Amino acid sequence: MSSTLERIVAETGLFYKADGPSVQGFLSDCLFYVTQNESPAKSIWVGTWVTAQDAAGGEALARLLTDFVASSGGRAFDASWSGDAENLYGVVSISFRDLPGEEEETLRWVGNYIRQLQQLLVQHRFVTKCIECGTHERVGLYMIGGEAVVCQCEACHENFCEQSKKTEPLSGKNWGMGLLGAVLGGMIGVALWVAVGLAGYIAAIAGYVIAACCFHGFTYLGGTHNLRSVIVCSLIAVVMCVGAVFLTYGIEIHIAVTKEYPEVAFWQSAIVAYEILMESSEAMQAVGKNLLIGLALGGISIFGFFKSWHTAFSQGVQRETLVPPQRLQRAQTATVQSPAFED
């Protein structure tokens with residue numbers, strides 16, 4: 001932890017999170033989160049998750065941010081209050097330039113901001129509440145899915161995590177486009193099967209590719225998989241493998257027939273191929289063996305995809321606790337008063 005953050009910890013009572021360059025905690029029933037960034041330029045970001053009790057509080061907060069940035073000589077920047085117009089819940093954020101050799105000056109501006117903001121929050125009765133149920137009992141700060149940061153009480157957060165394990169990853173899935181993607185992806189594998197077979201190699205190795213392309217094609221055009229889409233894509237892959245082995249055999253017969261009878265159409269050659277398979281057990285065994293190998297390799301691909309999907313799905317939405325939940329008691333908090341934060 002940098003000396004700047006160490007001073008903020010000492011002077012505000014915010015506690016230090018050991019696994020990252022940040023300090024966080026509650027002051028006057030409002031959750032503060034301070035982090036020091038190294039890129040693209042060194043800066044300190046101060047965020048506060050609060051709910052205003054009335055519109056006047058939101059307006060006063062916006063004025064404070066504007067006036068503070070204007071008076072900071074360019075040191076404070078990127079200030080915003082993203083309060084929702086309906087419930088006045090939002091994130092107060094501001095950044096400070098952390099210039100080399102001016103750590104004391106940076107600390108002074110951060111301290112002034114936290115002191116003024118805390119006084120305004122107390123005056124207008126801002127509090128940090130659970131965004132789900134509105135309580136301020138046992139509220140914590142969580143990162144959901146590696147991106148979204150939310151304030152929830154302990155009970156609502158546990159319920160959210162349990163529900164995420166039972167809910168399909170994407171409710172807005174486009175099934176039509178997903179099925180189209182699965183079919184187009186499978187056709188890529190079929191083309192590979194035919195090309196390898198006509199080249200004289202074991203074409204069934206493309207069975208693995210057919211299944212993989214079906215799954216990825218669905219994802220590319222339709223969205224994240226659920227159990228239903230995994231099953232449907234698996235069935236499409238099986239049908240594609242069956243079609244690929246018979247298509248390859250039909251093309252081989254067509255090539256052989258047209259060497260002597262160039263005028264023969266492909267559909268006529270397909271009839272000849274069918275008759276050969278019906279009459280020759282040897283030909284049927286060769287085709288059947290190729291198909292079984294392809295289905296086996298496709299099954300390996302299907303099993304691997306299902307295993308990785310099930311693992312991700314059973315874990316639900318990944319979460320990280322940024323600030324552990326705690327009971328808020330305004331009576332036990334006080335406005336920051338420290339020599340280090342004096343003008």
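A quick note: this is a predicted structure, and the numbers were derived from the prediction, not measured. All values below were derived from every heavy atom in this structure, side-chain atoms included, with hydrogens, water molecules and symmetry-related copies excluded.
Contact annotation: the side chain of L120 approaches that of F126 to within less than 4.5 Å [non-hydrogen atoms, C-beta and beyond]. At least one side-chain heavy atom of I251 sits less than 4.5 Å from a side-chain heavy atom of V194. Contact annotation: the side chain of L117 approaches that of L61 to within less than 4.5 Å [non-hydrogen atoms, C-beta and beyond]. A 4.5 Å side-chain heavy-atom check between V46 and F32 finds at least one atom pair inside the cut-off. Between T35 and Y33, some side-chain heavy-atom pair lies under the 4.5 Å cut-off. Contact of the Y249 side chain with the L277 side chain is registered, since non-hydrogen atoms from C-beta on lie closer than 4.5 Å.
Closest heavy-atom contact between S234 and F215: OG-CZ, 3.5 Å. Of all heavy-atom pairs spanning C133 and C156, the tightest one is SG-SG, 3.7 Å. Shown here for M240 and V183, the closest heavy-atom pair between the two residues is CE-O, 3.4 Å. The heavy-atom pair separating G250 from A273 by the smallest distance is CA-CB, 4.3 Å. Residues L221 and G181 come closest through the heavy atom pair CD1-CA, 3.4 Å. Looking at every heavy atom in both residues, S269 comes nearest to V264 through OG-CG1, 3.6 Å.
In the hydrophobic clustering of ILVMFWY residues, with side-chain heavy atoms under 4.5 Å counting as a link, V69 and L121 come out together. No chain of hydrophobic side-chain contacts below 4.5 Å, direct or via other Ile, Leu, Val, Met, Phe, Trp or Tyr residues, connects F303 to L292. V196 is not connected to L295 by any chain of hydrophobic side-chain contacts under 4.5 Å among Ile, Leu, Val, Met, Phe, Trp and Tyr, and they are in different clusters. Criterion: ILVMFWY side-chain heavy atoms under 4.5 Å apart, direct or through other members. Under it, I302 and V230 are part of a common hydrophobic cluster. I276 and L291 end up in the same hydrophobic cluster when Ile, Leu, Val, Met, Phe, Trp and Tyr side chains are linked at under 4.5 Å.
Looking only at distances, a side-chain donor or acceptor of R97 sits under 3.5 Å from a matching main-chain atom of G74.
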Going through the checks in order, is the ring-ring contact (aromatic ring centres under 6.0 Å, His included) test met by F218 and W175?
-> CA-CA 8 Å; F218 185 97; W175 267 95; 5.4 Å; yes
Apply side-chain contact (heavy atoms from CB on, under 4.5 Å) to the pair Q152 and E158, showing each step before the final yes or no.
-> CA-CA 9 Å; Q152 293 177 321; E158 290 300 326; over 6 Å; no
Run the numbers on W45 and V34 for side-chain contact (heavy atoms from CB on, under 4.5 Å), then give the verdict.
-> CA-CA 6 Å; W45 183 85; V34 184; over 6 Å; no
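In this structure, CD1 on I114 lies 10.5 Å from CD1 on I94, to the nearest 0.5 angstrom. To the nearest 0.5 Å, atoms OG1 (T248) and CD1 (I253) are separated by 12.0 Å. With rounding to the nearest 0.5 angstrom, the OG atom of S80 is 6.0 Å from the CG atom of D78. In this structure, CG in L64 is found 10.0 Å from CD in Q119, a value given to the nearest 0.5 Å. Remark: C214 SG to L184 CG distance equals 10.0 Å, nearest 0.5 Å. Rounding to the nearest 0.5 Å gives a distance of 12.0 Å between CD1 of I236 and SG of C241.
For the residue pair S43 / S95, no side-chain donor-acceptor distance below 3.5 Å is found, with atom types taken as modelled.
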Name the atoms and distances for all side-chain donor-acceptor pairs under 3.5 Å in residues 256-263, with sequence neighbours left out.
{"from": "T258", "atom 1": "OG1", "to": "H254", "atom 2": "O", "distance (Å)": "2.8"}
{"from": "T258", "atom 1": "OG1", "to": "I255", "atom 2": "O", "distance (Å)": "3.1"}

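With sequence neighbours excluded, the residues satisfying side chain to side chain donor-acceptor pair (under 3.5 Å) with T219 are H225.
For F266, the CZ atom sits in a packed shell: over 12 heavy atoms of surrounding residues, nucleotides or ligands are nearer than 6.0 Å. Under a cut-off of 6.0 angstrom, the local environment of CZ in F77 is crowded, with over 12 non-hydrogen atoms contributed by other residues, nucleotides or ligands.
A ring pair (Phe, Tyr, Trp, His ring centres under 6.0 Å) check over residues 52-74, counting only residues at least two apart or in different chains, returns the pairs F68-W109, F68-Y113.
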